[in-house]
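Taking it in order: structure first as structure tokens, then the write-up.
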2 protein chains.
Amino acid sequence: MALLVGRHLNKIDKKGRVSVPKPYREAVLAEGFAGVYIYPYFKFPALEGAGEAFMKRISASLEDNLELFSDAQEDLAAITLENTFQLSFDPEGRISLPVELCLHAGLDGQALFVGRGSRFQIWSPDAYEEHRSGALERAKATGATLKLSPQLSPQQSPRKDRGA
Amino acid sequence: MALLVGRHLNKIDKKGRVSVPKPYREAVLAEGFAGVYIYPYFKFPALEGAGEAFMKRISASLEDNLELFSDAQEDLAAITLENTFQLSFDPEGRISLPVELCLHAGLDGQALFVGRGSRFQIWSPDAYEEHRSGALERAKATGATLKLSPQLSPQQSPRKDRGA
DNA sequence: GTTCATTATGGGATATCATGGGAATTGATG
DNA sequence: CATCAATTCCCATGATATCCCATAATGAAC
């Protein structure tokens with residue numbers, strides 16, 4: 001599927017409607033459902049959303065009877081699905097955010113969409129600024145690095161080196 | 001995919017448009033999306049860009065190597081995906097650079113495309129000259145040598161080295 | 001030296017996107 | 001069956017981005 005990247009600041013009108021950024025709409029439309037699934041992001045005052053494909057992955061972790069997922073992970077999946085809203089696009093590509101979600105994220109007038117690859121988040125601009133400002137410093141401090149997974153192309157042998 | 005090599009100096013017009021060098025266009029087109037993904041290069045006042053395949057590797061790596069909702073995943077995604085712009089080619093093969101990116105790289109009227117193999121960078125000519133001369137000095141001073149990564153040919157056993 | 005093909009560039013015309021608000025539909029309730 | 005509230009649809013609008021075409025620069029071919 002297409003990648004969700006970048007940041008998009010859109011307005012929430014009096015009726016609680018907000019435009020989903022066009023690139024995100026196109027990406028999730030390709031997954032089948034003409035809308036998005038949105039749930040409260042339990043770690044922070046923010047929302048997280050995705051198309052049908054990602055939600056099915058979460059659902060799959062609940063149906064697994066083996067030991068692939070820990071109890072904690074299953075709980076997380078269950079809680080996420082319980083609190084998820086299925087929001088359809090209107091003809092202009094907007095969704096209307098339920099009050100419960102707006103309260104959790106402290107949304108008021110503006111919604112900042114933040115791309116995360118296969119998902120996206122929705123923040124109030126203020127909360128986002130406060131939370132994200134230290135990301136680069138934190139990553140440096142903790143020495144967090146991203147090991148690139150092997151390319152998807154055939155017959156490529158993985159290397160174990162450190163990404164910058 | 002085809003390698004991105006060499007330097008190409010193109011103009012940025014009043015609308016913020018700049019032609020992506022033809023060889024780069026052809027290389028990234030083969031990856032699917034008719035455009036490039038560009039993000040700030042945090043170590044220097046420059047931009048880095050790539051085609052869809054590379055960005056998907058980053059996105060997949062975040063999900064494969066890091067736990068969902070972990071702090072490390074949060075911060076690394078924030079640094080990479082959230083600052084990335086998806087820029088489509090116009091019919092002439094141009095992209096229009098967002099102001100935020102131009103500011104980070106100090107771009108004003110000219111954009112120097114620098115090939116880096118599977119990615120490329122965009123510099124203002126002045127910043128590049130300054131940075132490049134410094135890099136050359138450092139290489140001389142430390143007597144740097146270049147250690148090649150293993151070949152990609154079949155049945156090659158992975159090595160654990162770090163590029164010089 | 002001339003011609004042709006390709007790429008880069010410039011700018012006006014056009015289409016698209018985000019947004020706002022009224023009209024119409026739905027569904028719950030008495 | 002009537003009424004109300006909530007939601008969804010429909011259309012208008014302004015800002016922006018995209019398309020389209022013209023032209024210049026480059027280099028290859030004859």
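- In this structure, A/I95 atom CD1 and D/dC9 atom P are separated by 14 Å, rounded to whole Å.
- The CG-P distance, from A/D90 to D/dC11, rounds to 14 Å in whole Å.
- Protein atom CG of B/L97 is 12 Å distant from nucleotide atom P of D/dT18, rounded to whole Å.
- Atom CZ in A/F85 sits roughly 12 Å away from atom P in D/dT7 (whole-Å rounding).
- Taking a heavy-atom distance under 4.0 Å as the criterion, the stretch of DNA chain C touched by chain A extends 5' to 3' from C/dC17 to C/dG22.
- Judged by distance alone, with hydrogens and angles left aside, the side-chain atoms of B/E31 form a donor-acceptor pair with the main-chain N or O of B/E52 at under 3.5 Å.
- With hydrogens and angles left out, the side chain of A/E92 and the base of D/dC10 share a donor-acceptor pair within 3.5 Å.
- In this structure, A/F89 atom CZ and D/dC9 atom P are separated by 13 Å, rounded to whole Å.
- Looking only at atom types and distance, the side chain of A/E48 has a donor-acceptor partner in the side chain of A/Y39 under 3.5 Å away.
- A close approach under 4.0 Å does not occur between any side-chain nitrogen or oxygen of A/S96 and OP1 or OP2 of D/dT7.
- Going from atom CG of B/D13 over to atom P of D/dC21 covers 19 Å, rounded to whole Å.
- Judged by closest nucleotide on DNA chain C, B/K22 is the one of B/K22 and B/R94 placed further toward the 5' end.
- Remark: the backbone N or O of A/P40 is not paired with any side-chain donor or acceptor of A/N83 at under 3.5 angstrom.
- If you measure from atom NZ of A/K14 to atom P of D/dT8, you get 19 Å, rounded to the nearest angstrom.
- Proximity of the aromatic rings of B/Y24 and B/H8 is defined here by a centroid distance below 6.0 angstrom, and this criterion is met.
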